[in-house]
2 protein chains.
Amino acid sequence: MKSAATAQQAEEPAETGAQQIRDAIRTAIVERRLSPGTKLSESDVGNLFNVSRTLARAALQALSYEGLVNVEKNRGAFVAYPSPEEARQIFSARRLVEPGLLREAAARITPDDIKDLRELLLEEGRLMSERGQTARRAEIKASGDFHLMLAVISGNAIMQRFMEELVARSSLVIALYGQSTASSCGHSEHGEIISAIESNELDRACQLMLHHIAHIEADLDLRERKSLGLKEAFEL
Amino acid sequence: MKSAATAQQAEEPAETGAQQIRDAIRTAIVERRLSPGTKLSESDVGNLFNVSRTLARAALQALSYEGLVNVEKNRGAFVAYPSPEEARQIFSARRLVEPGLLREAAARITPDDIKDLRELLLEEGRLMSERGQTARRAEIKASGDFHLMLAVISGNAIMQRFMEELVARSSLVIALYGQSTASSCGHSEHGEIISAIESNELDRACQLMLHHIAHIEADLDLRERKSLGLKEAFEL
DNA sequence: GCCGGTTGAATTGTATACAATTTTTTATAA
DNA sequence: TTATAAAAAATTGTATACAATTCAACCGGC
């Protein structure tokens, strides 16, 4: 199945090397094969993809613009490790943006779109029942793709890019602070949102969306864990 | 006067060369010293700032992530030339985001913030009355800074960055499609918005913000001008 | 044993060099 | 003159080389 993030307007088809690497690393981060804080040295990345450090560096820079990687001057690039405060801001941004996006999407949605959304939902459910890491990763992706697809339907490429960033960063946050192993606690809510859109209950759809985001956030444990790599860790 | 875009959280103080260049070019674009479509060759940029092509290229890449520059494979970087459709999407995004941002800002605003906003407004008015390019450029910047400052007050660094992108791209759009020479037709509206916030009339403030954005957009001529560099241009 | 400083390896920051592509110029023919 | 093709120049894509900084191991002193 194609990704929901397919570009609308025609762009240059041939991705320059750095972009391929960027996409590969991004996918690895979003699917949680790379954990927050992991160091991504330019040489290692270059060797891994059989390109020079130049391209590796460019890819890492690109990811830092998306907030998925932090590059610290003279120290290198690390998979982003969002602080609880950053996590709150990410979800605050989503609460701010997604209802409006949903309204715009609803105004342009076609029966075909609804079919696509329902198919995505089905796929998501199927993956939920499966076992294994591969299924889990695919499930994470599908869950995000639901929100992304609404952005695509809205027809606003700028908001779409922003949502891609927010969804990707959300995945990092959930990896860090998520409690319930089932990241998909809100799967059914996706379905309810579609139904509400379908029956033209826009206000209700927005409310559902807000609740849905709140639920995801409620599953996080965002208490400040001061590094406490000190003696405190051993004091009873 | 300090820019409204001052970072909230402490970041690495020393900007690596490429970032300085990026900022310089961005400012030039936003202040309209560089026109949309202008070619920015890596060598030229490098020479201009006395750095290697490596850094110039990095700066241009960075600007492309912000939507201020388009880099076309094997052809080079150009100051972005947003299409009418892109322009619509930029303002659509602003209408989607700014009311919510305003609400969040209002919830956290302090008397000091209001003072800062009013000062910015005063400065804006002062620049409006002045003549000359320098004043005009400063006015453009101040006008954008008003919207940016609301994002800063909201306390959400992610939304702040997004607004920075939107405001910068708006400047490009206005440069391309703006009709009234006075880009500041909506200056008084800024004041009304502040007043509405101050007197806690949130709904009204949001309405004013929406109207304000609509006014800016209404000053644009977004009719498709097909390139028509062909004979059609001469056919009577 | 613990602390501060010193040295060497590893890593990043930047410049340069070469390859690939595009653009411009020039030459040639219709 | 106009159009087409070939050659030259300029520009971007990528790799490599060198400088600067950070990190880690080591070592002598307390």
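Throughout, protein chains are lettered first and strands after them, A, B, ... in sequence-line order, and every chain is numbered starting at 1. What you see is a predicted model, and the numbers here were worked out from it, not measured in a lab.
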Ring geometry between A:Phe162 and B:Phe162 (parallel below 30°, tilted from 30 to 60°, perpendicular above 60°):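 The arrangement is parallel - the two ring planes meet at less than 30°.
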Ring geometry between A:Tyr65 and B:Tyr65 (parallel below 30°, tilted from 30 to 60°, perpendicular above 60°):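 Aromatic pair B:Tyr65/A:Tyr65 classed tilted.
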Within residues 54-69 of chain B: residues closer than 4.0 Å to DNA chain C (heavy atoms): B:Thr54, B:Leu55
N-O pairing of A:Arg26 and A:Glu164 below 4.0 Å: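 Looking at A:Arg26 and A:Glu164, the cut-off is not met.
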Cationic N near anionic O, under 4.0 Å, A:Arg136 to A:Glu139: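 Looking at A:Glu139 together with A:Arg136, the answer is yes, because their closest N to O distance falls below 4.0 Å.
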Give the rounded distance in Å between these two atoms: [atom1] of [X] and [atom2] of [N].
X	N	atom1	atom2	value
B:Lys73	D:dT11	NZ	P	19 Å
A:Gln19	D:dG13	CD	P	10 Å
A:Glu42	D:dT22	CD	P	15 Å

B:Lys39 vs D:dA10: side-chain N/O to OP1/OP2 distance below 4.0 Å: no
Minimum-distance nucleotide (side-chain atoms of A:Arg75 versus D:dA15, D:dT12, D:dC23): D:dC23
Nucleotide nearest A:Ser52 (side chain, heavy atoms from C-beta), chosen from D:dA15, C:dC18, C:dT14: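 Closest nucleotide among those given: D:dA15.
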Any protein N or O atoms within reach of nucleotides 19-21 of chain D? Criterion: under 3.5 Å, listing atom names and distances.
{"unit_1": "D:dT21", "atom_1": "O3'", "unit_2": "A:Asn74", "atom_2": "ND2", "d": "3.4"}

Between B:Arg57 and B:Gln61, a side-chain donor and acceptor under 3.5 Å: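 Result is no, nothing qualifies.
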Residues in salt bridge (charged side-chain N to carboxylate O under 4.0 Å, His left out) contact with A:Glu217, at least two apart in sequence or another chain: A:Arg95
